[in-house]
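Just so you know, residue 1 is the first one in the sequence shown, and it goes up from there.
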Amino acid sequence: MTRRLWLVRHGPTHAKTMIGWTDRPADLSDRDCLARLSAALPDVPVISSDLSRAMATADALQGGRTRLPHDPRLRELHFGAWENRTHAEVDATEPALLRAFWEEAGDISPPGGESWNQMGRRVHAAMDDLPPQAIVVCHFGPILAMLQRAMGCDVQAVFAHRIEPLSLTEIAMEDAGWQVLRINHIL
């Protein structure tokens with residue numbers, strides 16, 4: 001059976017800090033963009049992370065589609081002690097750890113937060129539990145984690161991709177495995 005996921009990043013938050021699990025609202029004032037995005041999505045179930053920026057975006061895109069319960073496993077990467085801090089603020093106190101976290105991503109985590117690999121395992125578990133076709137409204141990190149799995153690449157390679165707010169990324173799995181259909185498509 002073909003699996004197909006339409007991955008939508010939530011609306012913009014305008015944050016200039018690392019907001020992982022911080023529950024910051026999305027700016028959904030661009031109704032034309034939301035209408036174009038909703039029109040481009042198929043009539044399949046919609047699921048989102050349980051953070052308000054993803055839930056509100058999913059609600060705005062739902063239309064007549066079935067809405068599945070929010071899944072906390074689709075949350076953004078947890079930045080722990082770095083939540084709501086700028087890169088410059090963290091760099092001033094923990095430059096080596098911050099640099100290693102991004103340049104050697106994998107098992108390195110912020111204090112009290114989670115590593116890229118921990119986030120990936122939780123997102124992949126959620127992905128495996130999704131219906132065969134679904135619209136998934138979530139965050140930058142989880143979308144990259146799903147792309148990394150589909151592409152079979154390392155973290156640094158997937159970091160090269162931009163995932164803009166209200167963009168559409170699409171992946172599918174056939175008998176031959178996962179394939180990427182589009183990345184960061186803006187409508």
Side-chain angles (χ1 to χ4, degrees), residues 1-80 83-84 113-114 118-150 158 161-173 178 180-187:
M1 173 185 291
T2 299
R3 294 201 66 196
R4 193 164 181 171
L5 301 176
W6 290 263
L7 311 173
V8 176
R9 184 172 178 201
H10 59 76
T13 63
H14 308 296
K16 304 294 184 209
T17 59
M18 293 179 266
I19 62 165
W21 283 20
T22 301
D23 201 9
R24 188 170 175 133
D27 173 358
L28 299 176
S29 61
D30 191 344
R31 294 289 177 199
D32 291 339
C33 179
L34 287 165
R36 288 189 306 272
L37 183 54
S38 182
L41 294 169
D43 186 14
V44 300
V46 179
I47 189 169
S48 71
S49 100
D50 66 340
L51 295 174
S52 64
R53 59 191 181 268
M55 290 188 305
T57 303
D59 290 345
L61 296 173
Q62 180 181 353
R65 298 173 183 96
T66 301
R67 188 75 157 84
L68 301 174
H70 317 305
D71 190 335
R73 297 175 298 172
L74 295 170
R75 281 185 174 198
E76 182 58 275
L77 182 82
H78 185 22
F79 288 107
E83 288 280 330
N84 274 321
E114 68 184 335
Q118 287 171 320
M119 187 261 314
R121 284 189 293 276
R122 120 173 109 72
V123 169
H124 295 161
M127 188 175 166
D128 291 343
D129 290 341
L130 292 171
Q133 297 192 353
I135 297 165
V136 182
V137 181
C138 58
H139 312 270
F140 175 80
I143 292 172
L144 285 183
M146 289 185 238
L147 266 176
Q148 181 184 6
R149 185 181 193 188
V158 83
H161 293 284
R162 294 180 60 100
I163 305 294
E164 298 294 330
L166 297 177
S167 66
L168 174 61
T169 296
E170 191 176 348
I171 60 176
M173 183 179 18
W178 285 100
V180 176
L181 304 177
R182 57 182 153 178
I183 300 172
N184 196 42
H185 186 72
I186 306 291
L187 296 161

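Pairing each heavy atom of Gln133 with each of Pro45, the nearest pair is O-CD, 3.5 Å. Taking every heavy atom of both residues into account, Ala40 and Leu187 meet most closely at CB-CD1, 3.4 Å. A pairwise comparison of heavy atoms in Leu68 and Pro131 identifies CD1-CG, 3.7 Å as the closest pair. The minimum heavy-atom distance linking Pro42 with Ile135 is given by the pair O-CD1, 3.6 Å. Contact detail for Val180 and Ala150: the closest heavy-atom pair is CG2-CB, 4.0 Å. Residues Ala58 and Ser48 come closest through the heavy atom pair CB-CB, 3.8 Å.
Not counting sequence neighbours, Thr17 has no partner by the side-chain hydrogen bond (donor to acceptor under 3.5 Å, both in side chains) test. For Arg24, there are no salt bridge (charged side-chain N to carboxylate O under 4.0 Å, His left out) partners at least two apart in sequence or on another chain. Under the salt bridge (charged side-chain N to carboxylate O under 4.0 Å, His left out) criterion, Glu114 pairs with Arg122, sequence neighbours left out. Under the rule for a side-chain hydrogen bond (donor to acceptor under 3.5 Å, both in side chains), Thr13 has no partner lying at least two apart in sequence or in another chain. Residues meeting the side-chain contact (heavy atoms from CB on, under 4.5 Å) test with Ala56, sequence neighbours left out: Leu28. Taking the side-chain hydrogen bond (donor to acceptor under 3.5 Å, both in side chains) definition, one finds that Arg73 meets it with Asp71, Asp129, sequence neighbours left out. In this structure Glu164 satisfies the side-chain hydrogen bond (donor to acceptor under 3.5 Å, both in side chains) test together with Arg162, sequence neighbours excluded.
With rounding to the nearest 0.5 Å, the separation of CG in Leu5 from CH2 in Trp178 is 4.5 Å. Interatomic distance, Met173 CE to Arg4 CZ, rounded to the nearest 0.5 Å: 13.5 Å. Between the CD1 atom of Ile171 and the CE atom of Met127 there is a distance of 3.5 Å, given to the nearest 0.5 Å. Atoms CD1 and CG, on Ile19 and Leu77 in that order, are 12.0 Å from each other to the nearest 0.5 Å. Between the CD1 atom of Ile183 and the CG atom of Leu168 there is a distance of 11.0 Å, given to the nearest 0.5 Å. Atoms OG and CD1, from Ser167 and Ile186 in turn, are 4.5 Å apart once rounded to the nearest 0.5 Å.
Sorted by first and then second residue, the salt bridge (Lys or Arg N to Asp or Glu O under 4.0 Å) pairs involving residues 42-64 (not counting sequence neighbours) are Asp50-Arg75, Asp59-Arg67. Sorted by first then second residue, the ring-ring contact (aromatic ring centres under 6.0 Å, His included) pairs that include residues 37-76, not counting sequence neighbours, number zero. The stretch residues 133-150 participates, sequence neighbours left out, in these salt bridge (Lys or Arg N to Asp or Glu O under 4.0 Å) pairs: Asp128-Arg149. Applying the ring-ring contact (aromatic ring centres under 6.0 Å, His included) test to pairs two or more places apart or on separate chains, those with a residue in residues 11-67 are Trp21-His78. Listed by first and then second residue, the ring-ring contact (aromatic ring centres under 6.0 Å, His included) pairs that reach into residues 27-53 come to none, sequence neighbours excluded.
The shortest distance between side-chain heavy atoms of His139 and Leu51 falls below 4.5 Å. Within the 4.5 Å cutoff, the side chain of Leu61 has no heavy atoms near those of the Val46 side chain.
Side-chain atoms of His124 come within 3.5 Å of backbone atoms of Ala145 as a donor-acceptor pair (strictly under, hydrogens ignored). The backbone N or O of Cys138 sits nowhere less than 3.5 Å from a side-chain atom of Ser49 that would complete a donor-acceptor pair. When atom types are taken as modelled, the side chain of Glu83 and the backbone of Phe79 share a donor-acceptor pair closer than 3.5 angstrom. Checking side-chain atoms of Arg65 against main-chain N and O of Leu41 turns up a donor-acceptor pair under 3.5 Å.
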Item to complete: May I have the step-by-step check of side chain to side chain contact (heavy atoms under 4.5 Å, CB included) for Ile163 and Leu7, ending in yes or no?
Response: CA-CA 10 Å; Ile163 305 294; Leu7 311 173; over 6 Å; no
Worksheet entry | Steps toward side chain to side chain contact (heavy atoms under 4.5 Å, CB included) verdict (Leu74, Met146) | CA-CA 10 Å; Leu74 295 170; Met146 289 185 238; 4.1 Å; yes
